[in-house]
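Take a look at the structure below.
We name chains A, B, ... by the order of the sequence lines, and we start the count at 1 in each one.
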Amino acid sequence: MRLAETIDVTFPDGSRLSQPPGRTAGELLSAWHPEKAAEYLAARLDGLLIDLARTVDRSGPLWPVTFEDRVGREILHHSAAHVVAKAVTVAAPGSLPTVGPGSEEGFYYDFDMPPITPELFERIRSVSQRIVSEDQPFERREVSREEALRLFALNPHKRGYVEKAAAGEGITIYRTGDWIDLCRGPHVPSTRWLAGLYLLGFSGVTQGGAPGGLPLQRVRGVAFPTRALLEEYRTMRREAEARDHRILGSRLELFHFVEEAPGLPFWLPRGMIVLRELEKFVGEHLRDAGYSEVRTPLLFSSTVFETSGHWEHFRDNMFLTSVDGRPYGVKPMNCPGAMLVFRARARSYRELPLRLAEWAPLHRLEASGTLHGLTRVRGFTQDDAHIFLTEEQIETEVRTLLRWIREAFSTFDLAWKLELSTRPEKFLGEIAQWDRAEALLRGVLDSSGAPYHVNPGDGAFYGPKIDVYVRDSIGRSWQTGTIQVDYQQPIRFGLEYQGADGGLHRPIVVHRTVLGSFERFTGILLEHCAGRLPPWLAPVQVRLLPVSERHLARAEELAREWRGQGIRAEASDSATTLSKRVRAGEVEKVPYLAVVGDTEIATGQVTLRIHGEKAPRALAAAEAAALLVDRIRQRSFRP
RNA sequence: GCCGCCGUAGCUCAGUCGGCAGAGCGGCUGAUUUGUAAUCAGCAGGUCGGGGGUUCAAUUCCCUCCGGCGGCUCCA
């Protein structure tokens, strides 16, 4: 026995501690910073995640894991999943827990059990709370395979996981009170650390997500180390609900849906103004960047989609019909039309890059359960274009696109990031070609300085792509634009151009959108700005409010005058109190309200109430108009 | 599409343990002419999502279809 041996650990700040063996990670970390002991969720010893209660049996760097860390959140959420598993087995005896992972965002646990009812869900909630308040420790134990099989004798799912575990892999279990779960860990020390546990909901899922899989019941939730953090989260959620674009859209009369056309939006007059302004915004860029526009048919014979590959790969998502007894499909994407335009006559290298924009309505038969307001619809229009070019031209083109993406999203005050998706397992074409394209995209991304991360193997089967994700103001991430390098469509459609060498060559196609679809983008934008659209997009930019009937003529005169200057201005009547009309303007989120009364008429001013500013400003009428014209032309995000 | 939940006026929601369907907001009309987030009064508006069943009687109970919501899967 070597009693004299000591353990040397190094903390993140470089300080060291030598102790005789037998101390736990928690004890050592508490010795380092006792005041922070309550924040420690787990520890990292020499890179390995361990419970705080584990004995530190060797020297090395010892770091605390807290809720501030990604992995800390994961651990906390995973521990919360255990609590819920226990709660479910208490509330619904006989339920068989299967898997319950935690992530940075939250956790879920899937159970093999009859469907959960709202009443049962409430019981699960209250049992979970009770377990948290009972401060039950998470106790780790290593067990033999045989013991594990015996412990989970009643749960075939857990037995299955034990049997699947690799031969050399140690099997560990965690005990929480009288509840035992198979788990690698680590976990927080006890359920007290889950003070901010909150169940979000329940739903049916299928095992493995497979369509015919075993039906399971999922309970989802989030957890925070304190009640205060949970309250903060719930406040954010409530705010998110108030920003729901589906509600804002109908309240502001921008768009709506009818039962007879699920997933197919109606753009109402006010919404059309927003849509047309967005189109104008993108259109100006396309003109400057050397694009030309085409419009191709909405429907094609199936033979076109056979050529493009959609018939084989996408038919289930297409609206199909028949014409003269032959199968036709409504186009789900613009690319086939663009290919046919390119192929319509002989092409020269002098035409490349040939940039063909098309903003055609597209239809995809999305599964009914996935429809969601404007962000997931069956009929939409992309700010789409196809660029026919040579491999040498890709780099410059992508660079220009990234610059435009940066400019576009900053106009909308949206934070964005990029993802590079590389060659998937199932791909068409040559590896060398893929490698070249990937290296090229990577190079452009690196030199652009734009933040991005790589999704290995997530590219389309025809080529690598860069996707644009935007984050709205409450932290949700949405895919919008995409830049896809495509080698396959030109082959399928037999596209050729005559090169400077006199020979025929095959172009490459870059598919690209920036806003993505106007529909989804509008939805995102509405949520981002909570319905307070920037002045240049607002359906009504300014409303003139006469204080009383005798000021009505002046309000109408100014409204007329300002409309002449390109401002969307209107005058209210004077049938209700000014207060009420101010309130209506606020509720309708009109960015500028201009009050006209005796004082203003005497001085030739208006009192301009600018959304977001506390004090109204008294301005000469012409000055107010100039201010609006300027903000609108600048496409300023805020009024 | 799958699992669960939901569907009452334009909107937000009461209500009916099976017996003539309600409010607020909004709309319309009238009075009021208003100084920065809701003036007062009156009126109109519903086959209680569609269809079928049980019942003397169904908005209420049952079945089914449609749509919505939350997940799953998928994606602009």
Do side-chain atoms of A/His453 reach the backbone of A/Leu420 as a donor and acceptor pair under 3.5 angstrom? no
Just compare B/G68, B/U33, B/G35 and give me whichever is closest to any side-chain atom of A/Ser548. B/U33
So, is A/Arg251 near the phosphate of B/U12, with a side-chain N or O under 4.0 Å from OP1 or OP2? no
Candidates B/U34, B/G35, B/A38 - which lies nearest the side chain of A/Lys580: B/A38
Quick one: A/His313 NE2 to B/C74 P, roughly how many Å, whole number? 17 Å
Apply side chain to side chain donor-acceptor pair (under 3.5 Å) to the pair A/Thr375 and A/Arg520, showing each step before the final yes or no. CA-CA 4 Å; A/Thr375 52; A/Arg520 174 174 289 182; 5.6 Å; no
Report which part of the nucleic acid A/Arg609 touches: base, sugar-phosphate, or nothing (heavy-atom distance under 4.0 Å, all strands). base
Would A/Asp384 and A/His511 satisfy side chain to side chain donor-acceptor pair (under 3.5 Å), going step by step from the backbone distance to the final call? CA-CA 7 Å; A/Asp384 203 5; A/His511 308 243; 5.9 Å; no
Using a 4.0 Å heavy-atom cut-off, does A/Pro115 contact any base of the nucleic acid, only the sugar-phosphate backbone, or nothing at all? sugar-phosphate
Polar contact flag, side-chain donor to acceptor under 3.5 angstrom, A/Ser572-A/Arg581: yes
Could you state the CZ-P distance from A/Phe257 to B/C69, rounded to the nearest angstrom? 9 Å
Give the nucleotide from the list B/U33, B/G70, B/C75 with an atom nearest to the side chain of A/Ser574. B/U33
When the C1' atoms of B/G35 and B/G42 are considered, how many whole Å apart are they? 29 Å
Nearest to side-chain heavy atoms of A/Thr370, which nucleotide of B/G1, B/G70, B/A76: B/G1
Nearest-Å distance for atom pair CD/C1', residues A/Glu259 and B/C6: 13 Å
Applying a 4.0 Å non-hydrogen cut-off, can you work out what A/Ala584 is touching in the nucleic acid: base, sugar-phosphate, or nothing? nothing
Select base, sugar-phosphate, or nothing to describe what A/Arg512 touches, counting heavy atoms under 4.0 Å on all strands. nothing
Where the side chain of A/Arg583 is concerned, which of B/A37, B/A76, B/G35 is the nearest nucleotide? B/A37
Looking only at side-chain atoms of A/Val205, point me to the closest of B/U36, B/C75, B/G71. B/G71
Rounding to the closest angstrom, what is the interatomic distance between B/G52 and B/A57 at atom P? 15 Å
What does B/C28 pair with, Watson-Crick or G-U, if both distances are under 3.5 Å? B/G42
Identify whether any heavy atom of A/Thr117 sits under 4.0 Å from a base atom; if not, whether one sits that close to sugar-phosphate; answer base, sugar-phosphate or nothing. nothing
For the side chain of A/Arg218, starting at C-beta, report the closest nucleotide among B/A37, B/A76, B/G71. B/G71
Rounding to the closest angstrom, what is the interatomic distance between B/C3 and B/U73 at atom P? 16 Å
Side chain of A/Arg581 - closest among B/U34, B/U36, B/G68: B/U34
Kindly say whether A/Ala575 contributes a backbone atom to a donor-acceptor pair with the side chain of A/Lys580 at under 3.5 angstrom? no
Between B/C43 and B/G22, how far apart are the two P atoms, rounded to whole Å? 14 Å
Map A/Gln484 and A/Arg378 onto RNA chain B by nearest heavy atom, then report which one ends up closer to the 5' terminus. A/Arg378
P atom, B/C65 versus B/G1: distance in rounded Å? 11 Å
Mate of B/C72 where both pairing distances stay under 3.5 Å, Watson-Crick or G-U: B/G1
Closest nucleotide among B/U34, B/G1, B/A76 to the A/Ser368 side chain: B/G1
Look at all strands and tell whether A/Gly597 reaches a base, only sugar-phosphate, or nothing, counting heavy atoms closer than 4.0 Å. base
Tell me what A/His372 touches on the nucleic acid: a base, only sugar-phosphate, or nothing, going by heavy atoms under 4.0 Å. sugar-phosphate
What is the distance, to the nearest angstrom, from the CG atom on A/Asp598 to the C1' atom on B/U33? 11 Å
A/Glu366 near the nucleic acid: base, sugar-phosphate alone, or nothing, with a heavy-atom cut-off under 4.0 Å? base
Is A/Glu588 touching bases, backbone alone, or none of the nucleic acid, heavy atoms closer than 4.0 Å? nothing
Under 4.0 angstrom, heavy atoms only, what part of the nucleic acid is A/Thr576 near: base, sugar-phosphate, or nothing? base
Rounded to the Å, how far apart are A/Phe111 CZ and B/C72 P? 16 Å
Need one value for A/Arg220: base, sugar-phosphate or nothing, where a base atom within 4.0 Å counts as base even if backbone is also close, heavy atoms only. sugar-phosphate
Taking only side-chain nitrogens and oxygens of A/Gln479, does any of them come within less than 4.0 Å of OP1 or OP2 of B/A76? yes
At less than 4.0 Å, is any side-chain N or O atom of A/Thr577 found next to OP1 or OP2 of B/U39? Yes or no. yes
Verify stack between A/Phe202 ring and B/G71 base, 5.5 Å, 30 degrees: no
Donor-acceptor contact present, side-chain A/Thr422 to main-chain A/Gly457, <3.5 Å: yes
Short N-O contact, A/Glu557 and A/Arg554, less than 4.0 angstrom: yes
Starting at the 5' end of RNA chain B and moving along, which residue's nearest nucleotide shows up first, A/Val587 or A/Leu515? A/Val587
How would you label the contact of A/Glu549 with the nucleic acid (heavy atoms, under 4.0 Å): base, sugar-phosphate, or nothing? base
If the C1' atom of B/C61 is compared with that of B/G19, how far apart are they to the nearest Å? 15 Å
Just by distance, do the side chain of A/His285 and the backbone of A/Val282 share a donor-acceptor pair under 3.5 Å? no
Say you pick atom P in B/U36 and the same atom in B/U32; how far apart are they, in whole Å? 22 Å
Would you indicate what A/Arg376 reaches in the nucleic acid, counting non-hydrogen atoms under 4.0 angstrom: base, sugar-phosphate, or nothing? base
Quantified in whole Å, what is the C1' atom distance between nucleotide B/A9 and nucleotide B/A44? 11 Å
With a 4.0 Å limit, can you tell me whether A/Arg246 has a side-chain N or O closer than that to the phosphate oxygens OP1/OP2 of B/G70? yes
Closest approach to the side chain of A/Thr607, judged atom by atom: which nucleotide of B/C72, B/U34, B/G35 is it? B/G35
Looking at A/Thr89 and A/Ala85, would you say the former's side chain and the latter's main chain have a donor-acceptor pair under 3.5 Å? yes
In whole angstroms, how far is the P atom of B/C75 from the CE atom of A/Met333? 10 Å
With a 4.0 Å cut-off on heavy atoms, is A/Asp384 in touch with a base, just the backbone sugar-phosphate, or nothing at all? nothing
